[in-house]
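Heads up, the thing below is written out as structure tokens.
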Amino acid sequence: MTAASDTTHFGFETVRLAEKQAKVDDVFHKVANRYDLMNDLMSGGLHRAWKSALLTAINPPKDRTFHHLDVAGGTGDVAFAVLEAGGPLTDVTVLDINADMLRVGRERAEKRFPDDDRIRFVQGNAEELGLPDNHFDCYTIAFGIRNVPRIDKALAEAFRVLKRGGRFLCLEFSHVDVPLLDKIYETYSFRVIPPMGRMVTGEAEPYRYLVESIRKFPKPQAFAGMIEDAGFRRAKFTAMTGGVVALHSGWKL
């Protein structure tokens, strides 16, 4: 019999910890080529405003060295925004476990930043980054941490690779807390998004998982506690769009 500590959730399904990563990889393998298009359709374009708020929090400097790490950022949209907002001494490492998402990001980067060595794409695991200690000024993960099997390990790794004074920022779907909006959001999530995914990508199941994974993610207060448990200080969050999304922050002090 499998011990409770050896299991986790994959959407609403209970799976072995060792199985979850492969299942998540399969989800993103199926949706990689239409990932950004589906984000626009599912959110009505709001994901761009949410990521704009993330960029404002990052605030890359124009006049000094700034090493940025974007985890689970394979298609590159956050990384590209950081490069464009920062100065010539800004560089970005994009890390993603999924080769298909990284392929899309590299292809986009070659068109948008030809011959620019300030961005690199690395295949790696959020739980074991394989990157140096105390190196990065900022770590971001946008809509990715709920897919990590061991979130505590990912947070510990974020703390390890950040410099003292470095900032952790996480943009993630949250729990709607506005009466009536919560019911509308629930209906939209389960009855509209999976069929939309089938129409656009030919696949409904990956989007059913993504909707379910949002419901299983800790509430923002609980996740802020996990950030502090990893060693970060001044952990806080800002709810956006009635609680559909939360922007989490913590500092390595």
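Just so it is clear, the model here is predicted, and its values are computed rather than measured. If you read the sequence from its start, that first residue is 1, and numbering goes on from there.
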Is a side-chain N or O of Thr187 found less than 3.5 angstrom from the main chain of Lys183, in a donor-acceptor match?
yes
Which pair of non-hydrogen atoms, one from Val192 and one from Pro195, has the smallest distance, and what is that distance?
O-CD, 3.2 Å
Short side-chain donor-acceptor distance under 3.5 Å, His67 and Asp91:
yes
Would a distance-only check, ignoring hydrogens and angles, find a side-chain to backbone donor-acceptor pair under 3.5 Å from Asp96 to Gly74?
yes
Is the side chain of Gln123 donor-acceptor paired with the backbone N or O of Leu102 at a distance under 3.5 Å, no angle test?
no
Please walk me through it: do Arg146 and Glu172 pass side chain to side chain contact (heavy atoms under 4.5 Å, CB included)?
CA-CA 8 Å; Arg146 73 183 189 280; Glu172 190 51 88; 2.7 Å; yes
Quick check: do Thr140 and Leu171 have side-chain heavy atoms less than 4.5 Å from each other?
no
Smallest separation among heavy atoms of Ala142 and Val78, with atom names
CB-CG2, 4.3 Å
Does any part of the side chain of Thr90, heavy atoms only, come nearer than 4.5 Å to the side chain of Arg64, both counted from C-beta?
no
Between Val94 and Ala79, which heavy-atom pair has the shortest distance, and what is it?
CG2-CB, 3.4 Å
Decide if the gap between the ring center of Phe217 and the ring center of Phe173 is smaller than 6.0 angstrom.
no
If you define the side chain from C-beta out and look only at heavy atoms, does anything of Asp70 sit under 4.5 Å from Tyr139?
no
Please find the pair of heavy atoms, one from Arg233 and one from Gly231, that lie closest to each other, and give the distance.
NH1-O, 3.4 Å
Using modelled atom types and a 3.5 Å cut-off, is there a donor and acceptor pairing between side-chain atoms of Arg120 and backbone atoms of Thr93?
no
Between atom CG of Asp177 and atom CG of Asp182, what is the distance when rounded to the nearest 0.5 Å?
8.5 Å
Can you find a pair of side-chain heavy atoms, one from Ile119 and one from Phe80, that are under 4.5 Å apart?
yes
Walk me through whether Leu95 and Phe121 qualify under side chain to side chain contact (heavy atoms under 4.5 Å, CB included).
CA-CA 6 Å; Leu95 184 140; Phe121 292 83; over 6 Å; no
I'd like to check Leu131 versus Leu69 (side-chain heavy atoms, cut-off strictly below 4.5 Å). Are they in contact?
yes
Salt-bridge present (Glu186, Arg191; N to O < 4.0 Å):
no
CD1 of Ile97 to CG of Asn125, rounded to nearest 0.5 Å, is 4.0 Å
Can you confirm if the NZ or CZ of Arg234 lies within 45° of the ring axis of Trp251 and under 6.0 Å from the centre of its six-membered ring?
yes
In Å and rounded to the nearest 0.5 Å, what is the CG to SG distance from Asn59 to Cys138?
10.0 Å
Are more than 12 heavy atoms from other residues, nucleotides or ligands located less than 6.0 Å from atom CD of Glu228?
yes
Does Lys62 reach the main-chain N or O of Ala85 with its side chain, forming a donor-acceptor pair under 3.5 Å?
yes
Pair Leu162, Asn134 - check side chain to side chain contact (heavy atoms under 4.5 Å, CB included), show working.
CA-CA 5 Å; Leu162 280 168; Asn134 307 307; over 6 Å; no
Smallest separation among heavy atoms of Ala154 and Val148, with atom names
CB-CG1, 4.0 Å
Do Arg167 and Ser249 pair up side chain to side chain, a donor and an acceptor below 3.5 Å, judged on atom types alone?
yes
Under 4.0 Å between a side-chain nitrogen and a carboxylate oxygen: does that hold for Glu157 and Arg160?
yes
Rounded to the nearest 0.5 Å, what separates atom CD in Gln221 from atom OG in Ser174?
8.0 Å
Within-4.5 Å side-chain heavy-atom neighbours: Ile227 and Phe237:
no
Determine, for Arg150 against Asp152, whether the closest basic-nitrogen to carboxylate-oxygen distance falls under 4.0 angstrom.
no
A side-chain contact here means heavy atoms from C-beta on lying under 4.5 Å apart; do Phe66 and Leu89 qualify?
no
Arg108 (side chain) donor-acceptor with Thr75 (main chain) under 3.5 angstrom
yes
So, for Phe136 and His68, is the gap between ring centers shorter than 6.0 Å?
no
Give the ring-plane orientation class for Phe223 versus His248, where under 30° counts as parallel, over 60° as perpendicular and anything between as tilted.
perpendicular
Distance-only, no hydrogens or angles: does the Asn147 side chain make a donor-acceptor pair with backbone N or O of Ile145 under 3.5 Å?
no
Taking all atoms of both residues into account, what is the closest heavy-atom pair of Ile58 and Val82, and its distance?
CD1-CG2, 3.8 Å
Sub-6.0 Å ring centroid separation between Phe159 and Phe168
no
Residue pair Pro60 / Asp137, side-chain heavy-atom distance below 4.5 Å:
no
